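Remember, predicted model here, so these are calculated numbers, not experimental data.
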Amino acid sequence: MNKVLYIILSLLLFSLTMISCSPDDTETINEPVRKGGDAVNDVLDPVGEGINDGLDPVGEGINDGLDSVGDVVNDGVVAITGGAGGGSGTVVSCEVNTNRFCTEHGASVWEFEKNKKDSGYALVGSKDKRPWIQIVDENGKYQMSKGYNVFGEYKSNFGNGLPSVGQLDGSAISQTKDGGYIVGTYVNPRHPSYGYTHIFKTNKQGEIEWKKELKYKSGKTNVIHFVEDIIETESGDFVAVGYTSGDSGNSMKGQGFMLKMSEEVQPSGNKEGKIDWIQRFGSNACVFDTLEDVLEADDNNLIAVGKFEKACPKYACHHGYACGDMYFLKIDPADGTTLIAEKHRNITNQWWASGHSVIKMNDGYAVGGKIRDNKNTVVNSAVWKLNNSGKMVWNWVGTGRIEGKVHQQEYVKSITLSHDSNSILAAGYTRFFKSVRNQKSNVMVWSMDLNGNGKWGKKYEMGGAVQRITRYKNNHYLLLKGRLFFEMDSNGELIK
């Protein structure tokens with residue numbers, strides 16, 4: 001909870017110092033923090049009624065110490081108490097040598113990925129304010145973990161409420177064909193005074209083979225690249241997506257980015273990472289365009305989803321709450337040329353839609369994310385089915401709404417295809433909110449058929465949010481919530 005409070009304080013102080021909140025101004029510098037183990041988003045909404053329904057839990061423990069509003073909204077979903085690891089507020093304690101998914105003590109997890117070469121899983125996050133990875137086998141048994149303190153100090157003398165010492169977190173990971181790992185990073189707080197992010201490659205033992213600083217300037221402004229996702233392609237190249245901290249003046253451009261890297265062997269025999277190209281995507285009107293997820297299509301082109309931002313009606317872009325569309329891109333890996341760029345919203349005048357997770361289907365793609373219709377509505381969960389050209393086939397919307405004084409928000413953070421390929425499972429959270437001090441969040445999982453018809457939705461009363469859902473053994477699924485893992489069967493029941 002102390003981490004949450006310092007992030008909120010840092011964000012508010014920096015925003016007051018650097019950014020005018022009048023609806024006629026524009027900004028070129030992002031707020032300090034956007035994402036992290038227990039990071040906070042959605043603190044203030046200058047285009048709403050002053051508050052954007054409180055906090056956005058991205059990890060566990062976000063509601064510690066808060067009074068909770070009751071579930072007075074009849075949401076039509078099944079509520080489940082407890083499950084693997086116990087009920088709300090239960091902390092799982094385990095040793096790393098047990099046959100279960102257990103995060104190393106003192107580490108926070110941002111993401112986990114199924115290994116492509118073997119049957120285990122890779123976790124990435126931070127420990128001691130530096131990137132950290134942990135590898136487990138298919139049963140969750142600890143194999144190894146490593147922290148990396150080789151990237152500099154990440155200190156700032158900017159002041160104005162920002163801490164003097166920041167951190168570099170591991171934010172994205174993928175196993176490579178040689179059994180090693182490619183890792184992306186994220187500067188926290190997200191302010192250019194702390195330094196640049198890195199991408200680094202390890203061998204199978206987790207030792208760094210090379211590291212590449214993502215160093216870029218716009219005039220006198222340092223532009224920081226925040227990596228949201230990273231993959232290795234079939235050809236052995238590496239592709240990362242995310243967003244940047246903002247350019248200055250007339251150099252401002254779309255803030256979502258994609259880059260491709262290759263690996264070169266030097267005459268000395270040492271390996272080196274080489275950036276082949278970096279492309280920027282989005283609008284030059286706002287500074288929060290984001291690409292959140294990337295995959296390689298069957299034709300070896302690159303697919304990415306995120307948010308294309310625009311100013312909301314009668315407002316400029318403020319603090320990341322600009323309006324915009326769910327953004328779908330198909331990119332040529334040779335040079336980063338845009339082959340397809342589609343922007344989607346569910347209704348013509350919808351304020352915004354945002355894509356967070358994308359998966360391949362037999363006849364296109366499915367994208368999970370969130371929507372908000374206008375300033376008088378709440379954030380709601382959403383899933384879109386797109387064809388191979390990025391055109392919308394159907395959209396599914398959750399049960400987020402306002403009843404009386406209670407706001408029920410929903411958000412899809414991750415989606416996956418069922419084991420039998422007949423259903424899409426979406427995971428995230430639901431939040432009941434009256435005020436910043438009177439709210440609670442719970443894990444949510446939804447199931448729908450391939451035509452977008454809802455099959456079931458289940459709320460797990462354990463607090464927090466799911467960052468990731470992935471297929472597991474025995475037709476089961478793994479859920480990541482903060483630094484805790486839960487196993488779920490195909491009907492949404494948690495395994496004890």
Side-chain angles (χ1 to χ4, degrees), residues 34-37 39-42 52 56-59 109-113 124 171-172 184 186 226-231 240-243 255-258 281-282 288-295 302-309 320-329 342-346 350-361 365-372 378-386 390 392 395-398 400 409-417 424-431 441 443-446 448 464-470 479-482:
R34 174 167 182 192
K35 173 183 173 183
V40 176
N41 194 12
D42 296 358
N52 187 45
D56 182 5
V58 187
V109 183
W110 277 51
E111 186 63 278
F112 83 104
E113 290 284 345
V124 67
S171 56
Y186 197 106
F226 302 91
V227 179
E228 293 276 2
D229 193 22
I230 194 165
I231 62 171
V241 297
Y243 65 99
Q255 303 304 302
F257 81 88
M258 179 185 291
F281 303 93
F288 297 97
D289 305 301
T290 302
L291 299 183
E292 301 232 11
D293 204 11
V294 63
L295 57 80
L302 303 167
I303 302 297
V305 298
K307 183 182 178 187
F308 182 98
E309 294 216 332
Y321 297 98
C323 294
D325 304 314
M326 187 270 281
Y327 204 15
F328 174 90
L329 292 169
E342 293 286 345
K343 299 184 285 289
H344 295 290
R345 60 181 66 185
N346 293 355
Q350 192 168 58
W351 266 34
W352 53 257
S354 178
H356 190 82
S357 176
V358 60
I359 58 173
K360 285 192 287 190
M361 310 283 287
Y365 305 91
V367 180
K370 58 182 179 178
I371 59 173
R372 188 178 185 184
V378 296
V379 174
N380 203 356
S381 52
V383 174
W384 298 268
K385 170 66 185 304
L386 309 179
M392 188 187 301
N395 67 84
W396 170 92
V397 176
Q409 293 182 327
E410 292 181 2
Y411 184 2
V412 171
K413 304 282 286 183
S414 178
I415 61 174
T416 190
L417 198 60
I424 297 170
L425 284 91
Y429 69 86
T430 181
R431 177 170 60 208
S441 299
V443 169
M444 278 287 297
V445 179
W446 302 265
M448 64 205 69
V466 167
Q467 296 113 284
R468 188 66 185 270
I469 181 172
T470 190
L479 306 175
L480 170 65
K481 183 186 82 74

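Closest approach of A427 to V466, counting heavy atoms only: CB-CG1, 3.7 Å. Closest non-hydrogen pair, V378 versus G400, comes out as CG2-C, 3.7 Å. Across G355 and V367, no two heavy atoms sit closer than the pair CA-CG1, 3.9 Å. The shortest heavy-atom contact between D229 and A172 is CA-CB, 3.7 Å.
At a threshold of 4.0 Å, the pair K370-E410 does not count as salt-bridged, since none of the basic side-chain nitrogens sits closer than that to a carboxylate oxygen. Between E292 and K307 there is no salt bridge, since none of the side-chain N atoms of the basic residue sits less than 4.0 Å from a carboxylate O of the acidic one.
In this structure, the side chains of N346 and I371 come closer than 4.5 Å at one or more pairs of heavy atoms. The shortest side-chain heavy-atom distance between W396 and S381 falls under the 4.5 Å cut-off. You'll find the side chain of M448 reaches within 4.5 Å of the side chain of V383, heavy atoms only. Between H344 and L386, some side-chain heavy-atom pair lies under the 4.5 Å cut-off. At least one side-chain heavy atom of L480 sits under 4.5 Å from a side-chain heavy atom of F112.
Among F281, Y243, F308, the single residue meeting the side-chain contact (heavy atoms from CB on, under 4.5 Å) criterion with L291 is F281.
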Using the side chain to side chain contact (heavy atoms under 4.5 Å, CB included) rule, take D293 and V241 through it: C-alpha gap first, then chi angles, then the decisive distance, then the call. CA-CA 7 Å; D293 204 11; V241 297; 5.9 Å; no

I'd like to know whether F257 forms a ring pair (Phe, Tyr, Trp, His ring centres under 6.0 Å) with F226, so could you lay out the CA-CA distance, the side-chain angles of the two residues, the decisive distance to 0.1 Å, and finally the verdict. CA-CA 9 Å; F257 81 88; F226 302 91; 8.9 Å; no

Full working for side chain to side chain contact (heavy atoms under 4.5 Å, CB included) between L329 and I303: CA-CA 6 Å; L329 292 169; I303 302 297; over 6 Å; no

Criterion side chain to side chain contact (heavy atoms under 4.5 Å, CB included) on W446 and V412, from CA distance to verdict: CA-CA 9 Å; W446 302 265; V412 171; 3.8 Å; yes

Go through the steps for V305 and W384 under the test side chain to side chain contact (heavy atoms under 4.5 Å, CB included), then give the verdict. CA-CA 11 Å; V305 298; W384 298 268; over 6 Å; no

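The aromatic rings of Y365 and F328 sit tilted, their planes meeting at an angle between 30° and 60°.
Rounded to the nearest 0.5 Å, atoms CD1 (I230) and CD (E111) are 12.0 Å apart. Atom CG of L479 and atom NZ of K413 lie 14.0 Å apart (nearest 0.5 Å). The distance from atom OG of S354 to atom CZ of R372, rounded to the nearest 0.5 Å, is 13.5 Å. Remark: W352 CH2 to M326 CE distance equals 13.0 Å, nearest 0.5 Å. Remark: L425 CG to I469 CD1 distance equals 5.0 Å, nearest 0.5 Å.
Using a distance-only test at 3.5 Å, with no hydrogens or angles considered, a donor-acceptor pair links the side chain of Q467 to the main chain of G482. When atom types are taken as modelled, the side chain of N380 and the backbone of G398 share a donor-acceptor pair closer than 3.5 angstrom. Judged by distance alone, with hydrogens and angles left aside, the side-chain atoms of S357 form no donor-acceptor pair with the main-chain N or O of G368 at under 3.5 Å.
In terms of the side-chain hydrogen bond (donor to acceptor under 3.5 Å, both in side chains) criterion, residue partners of R345 (sequence neighbours excluded) are, by chain and number, D325.
Under the 6.0 Å cut-off for aromatic ring centres, W110 and Y186 qualify, their centroids lying closer than that.
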